[in-house]
Student: 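I have a structure here, written as structure tokens, and I will follow up with some questions on it.
Every chain is numbered from 1 and lettered A, B, ... according to where its sequence line falls, protein lines coming before strand lines.
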Amino acid sequence: MAENFIRDIIKDDLAAGRHQQVVVRFPPEPNGYLHIGHAKAICLNFGLPEDFPGRCHLRFDDTNPTKEEMEYVEAIQEDIRWLGFDWGEHLYYASDYFDQLHEWAIHLIREGKAYVESLSAEQIREYRGTLTEPGRNSPFRDRPIEENLELFAAMGRGELEEGSHVLRAKIDMASPNMNMRDPTLYRIRKASHHRTGDKWCIYPMYDFTHGQSDAMEGITHSLCSLEFENHRPLYDWFLENLPVPHRPRQIEFARLNLNRTVMSKRKLLQLVENGHVEGWNDPRMPTLSGMRRRGVTATAIRNFCDVVGVAKRDSMVDIALLEHCLREDLNAHSPRRMAVLDPLKVVIDNYPEGQVEQMEAENIPGVAEAGTRKVPFSKVLYIEKEDFREQAPRKYFRMKPGQEVRLRYAYYVTCTEVVKNDAGEVVEIHCRYDPESKGGNTADGRRVKGTIHWVSADHALAAEVRQYGPLFLSENPAAEEDFLQDLNPDSLTVLTAQVEPGLAEAEPGSRFQFERKGYYCVDTAHSQPGKPVFNLTVGLRDSWAKIESKERQKAKA
RNA sequence: UACCCGAUGGUGUAAUUGGUAACACAACAGGUUUUGGUCCUGUCGUUCCAGGUUCAAGUCCUGGUCGGGUAGCCA
């Protein structure tokens, strides 16, 4: 794993003997699915014990019963395991600490460091002051300890209404750090919790939970994102004012931002609930479950997180970097197949009627161990519509009248005739083949610039192919006034392709490269036995598209 | 106009902790190729600004500029 400032700190702590091992944690709130941004934090935390003595805990930060669900708890574990990480015995829930946290709240009251507030939420806001003006003390701030104890107990017994009271720490209403202006410790929520059921009707806030949970688990380095930087003094205040067994250290780093996508759980939830996508695992979603369904590999995500690095400045990573990591992994490991996405019929006039040859094709060129397969070839084929032009531009190496091209792993063919419909559209091509060119080369060694893919019309399997484009149009949809207005109406195009017959048995979840097109994954939701549905994972780099657009510009000028 | 944090190519991270600014992506230009894929080669920077310390500053000091975060009974 690449070096970063956090690993430097850890190395230094280990070398100085401040710790014998590193204990870290990944603390998701189970209120949504994990996304690629979480992967950065997961790789950082779970990657540490791979290089240093120690361990990484998985801890669900489940202090808000109104937003959290068991479905998310399970999905989160599946996603982390899929990435290839393991927390062993160390699965924890903040809700397991509710008893201890409650005791510590009473401890603070007894010490005169916490009080029960009777002001309304709105009044509390008024008393808090602003970013530039200090707050004022609440009239309830100096309530006697015994009364605080009694009121807090009444909160706990459910005798007080939601919103009527909260427990607050007594710190400093004039602090320039808003988090220190008597933060809320406990609020009343008469809601059933996904793990503790109806045991509690008061729940601790994040700030009162996180550091103490770290302390109880013996966390040495508590890594979180930048927006918690201002919370660190409060994190430390609790550790200093409570009889905790251990003293963890919070270190903040910048979360991942990716262009052309949104990364907030709130926005992702909106996409799901408003039906803009099929669900959390829609292949267009930046969720780990969506990316997995799309065919993205765990290896690619881990390499991506590694190369992105960890630092403290906000940044926007180009999605092209993720695509690069993906292609790198997929290129090395995906078996090749031929699939014609937009078919055009081709008849080889001089090829014997009824003859079928089994052409041998490499599964991964250059990787002999990956083996070969047989692909049936016959007189009538399909090729890609875009691989034929009646009027071809400069530098067009594919099929055009009179230009010899290679049918990959098969024969050289030359177009002799173009058949059009009444609308003038090309509907069929006729050509002649060179019987001496079987396999795709000839003894005379003549050069053929273009090589195109094909399938035999009589043998091809018609298969659904789902072509995905970016979900959003702009560089940074999160910065748009309404990100939903930025949704790409063409993010999904469903095609019926003609593919190699062998693909009929492709297992859901298996990945292939459709030669000259891209990487595809058999969809786990829509595929039927014998009827695979393919998701575009990522396209191949397309330098012809660049050449063509450049030629067009030249022609204009 | 409060407090906290940050600033290195188009993008993201490095820089032996004061000693020749490196790696990857992108872009561009070539080469190889039975995928216009892969692979290979090359091109692309006054380290935010101004002072200061020093033989030597991306790194240390002072002042500024710009960007981000913070006023939930969310996390």
Student: Which label fits B/rU17, syn or anti, where anti is any glycosidic angle not within 90° of 0?
Tutor: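 Judged by the O4'-C1' to base torsion, B/rU17 sits in syn, the angle falling within 90° of 0.
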
Student: Expressed as a whole number of angstroms, how long is the span from A/Asp207:CG to B/rA75:P?
Tutor: 8 Å

Student: Determine the Euclidean distance between corresponding P atoms of B/rA24 and B/rC44; express it in Å to zero decimal places.
Tutor: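 The answer is 16 Å between these two P atoms.
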
Student: By nearest heavy atom, map A/Phe397 and A/Asn4 onto RNA chain B; which one lands nearer the 5' end?
Tutor: A/Asn4

Student: Using atom CG of A/Asn363 as one end and atom P of B/rU35 as the other, report the distance to the nearest whole Å.
Tutor: 16 Å

Student: If we take the P atom in both B/rC23 and B/rU41, what is their distance in whole Å?
Tutor: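 Each nucleotide's P atom is 12 Å from the other's.
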
Student: Regarding A/Arg516 and A/Glu384, does a basic nitrogen lie under 4.0 Å from an acidic carboxylate oxygen?
Tutor: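 Looking at A/Glu384 together with A/Arg516, the answer is no, because their closest N to O distance does not fall below 4.0 Å.
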
Student: Does a salt bridge link A/Asp434 with A/Arg446, judged by any charged N lying under 4.0 Å from a carboxylate O?
Tutor: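 A salt bridge is present here (some side-chain N lies under 4.0 Å from a carboxylate O).
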
Student: Please say whether the positively charged group of A/Arg189, taken as NZ for Lys or CZ for Arg, lies over the ring of A/Tyr203, i.e. under 6.0 angstrom from the six-membered ring centre and within 45 degrees of the axis.
Tutor: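 The answer is no, since A/Arg189 fails at least one limit relative to A/Tyr203.
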
Student: How far, in whole Å, is B/rG6 from B/rU47 if one measures between their C1' atoms?
Tutor: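 Result for the C1' pair: 15 Å, nearest Å.
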
Student: Check the distance between B/rG37's C1' and A/Phe512's CZ and give it to me in whole angstrom.
Tutor: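 Rounded to the whole Å, the gap is 18 Å.
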
Student: Using purine N1 to pyrimidine N3 plus N6-O4 or O6-N4 for Watson-Crick, or N1-O2 and O6-N3 for G-U wobble, both under 3.5 Å, which nucleotide pairs with B/rA27?
Tutor: B/rU43

Student: Expressed as a whole number of Å, how far does the C1' atom of B/rC5 sit from that of B/rG10?
Tutor: 25 Å

Student: Looking only at atom C1', what distance separates B/rU46 and B/rU38, rounded to whole Å?
Tutor: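 To the nearest whole Å, 38 Å.
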
Student: With salt bridge (Lys or Arg N to Asp or Glu O under 4.0 Å) as the test, would you mind laying out the steps for A/Lys265 and A/Glu29 before giving the verdict?
Tutor: CA-CA 10 Å; A/Lys265 277 197 261 184; A/Glu29 182 188 12; 5.0 Å; no

Student: Base of B/rG37 relative to its sugar, syn (within 90° of 0) or anti?
Tutor: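 Nucleotide B/rG37 adopts anti.
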
Student: Would you mind reading off the distance between A/Ile188 atom CD1 and B/rC73 atom P, rounded to a whole angstrom?
Tutor: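 Roughly 14 Å, once rounded to whole Å.
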
Student: It should be established whether A/Arg189 places a side-chain nitrogen or oxygen under 4.0 Å from OP1 or OP2 of nucleotide B/rC74.
Tutor: yes

Student: Measure CZ/A/Phe253 against P/B/rG68 and give the value in whole Å, please.
Tutor: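 My rounded result for the distance is 21 Å.
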
Student: In whole Å, what is the span from the CE atom of A/Met316 to the P atom of B/rU11?
Tutor: 12 Å

Student: Do A/Arg327 side-chain and B/rG37 base share a donor-acceptor contact under 3.5 Å?
Tutor: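 Counting by modelled atom types and ignoring angles, no donor-acceptor contact under 3.5 Å is found here.
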
Student: Please report, rounded to the nearest Å, how far the C1' atom of B/rC23 is from the NE2 atom of A/His324.
Tutor: 12 Å

Student: Tell me: CG of A/Leu269 to P of B/rC74, nearest whole Å?
Tutor: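 Going from CG in A/Leu269 over to P in B/rC74 covers 17 Å.
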
Student: Which whole number of Å gives the distance between the P atom of B/rA71 and that of B/rG12?
Tutor: 26 Å

Student: Using 4.0 Å as the upper bound for N to carboxylate O, is an ion pair formed by A/Glu551 and A/Arg394?
Tutor: yes

Student: Taking only the side-chain nitrogens and oxygens of A/Arg187, find out if one of them lies under 4.0 Å from OP1 or OP2 of B/rC74.
Tutor: yes

Student: Going by modelled atom types, is there a donor-acceptor pair between the base of B/rU35 and the side chain of A/Gln513 at under 3.5 Å?
Tutor: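 Under the 3.5 Å cut-off, the side chain and the base do form a donor-acceptor pair.
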
Student: Map A/Leu540 and A/Tyr409 onto RNA chain B by nearest heavy atom, then report which one ends up closer to the 5' terminus.
Tutor: A/Tyr409

Student: Quantified in whole Å, what is the C1' atom distance between nucleotide B/rG9 and nucleotide B/rU43?
Tutor: 13 Å

Student: Using a 6.0 Å distance limit plus a 45 degree cone around the ring axis, check whether A/Arg260 lies over the aromatic ring of A/Phe472.
Tutor: no

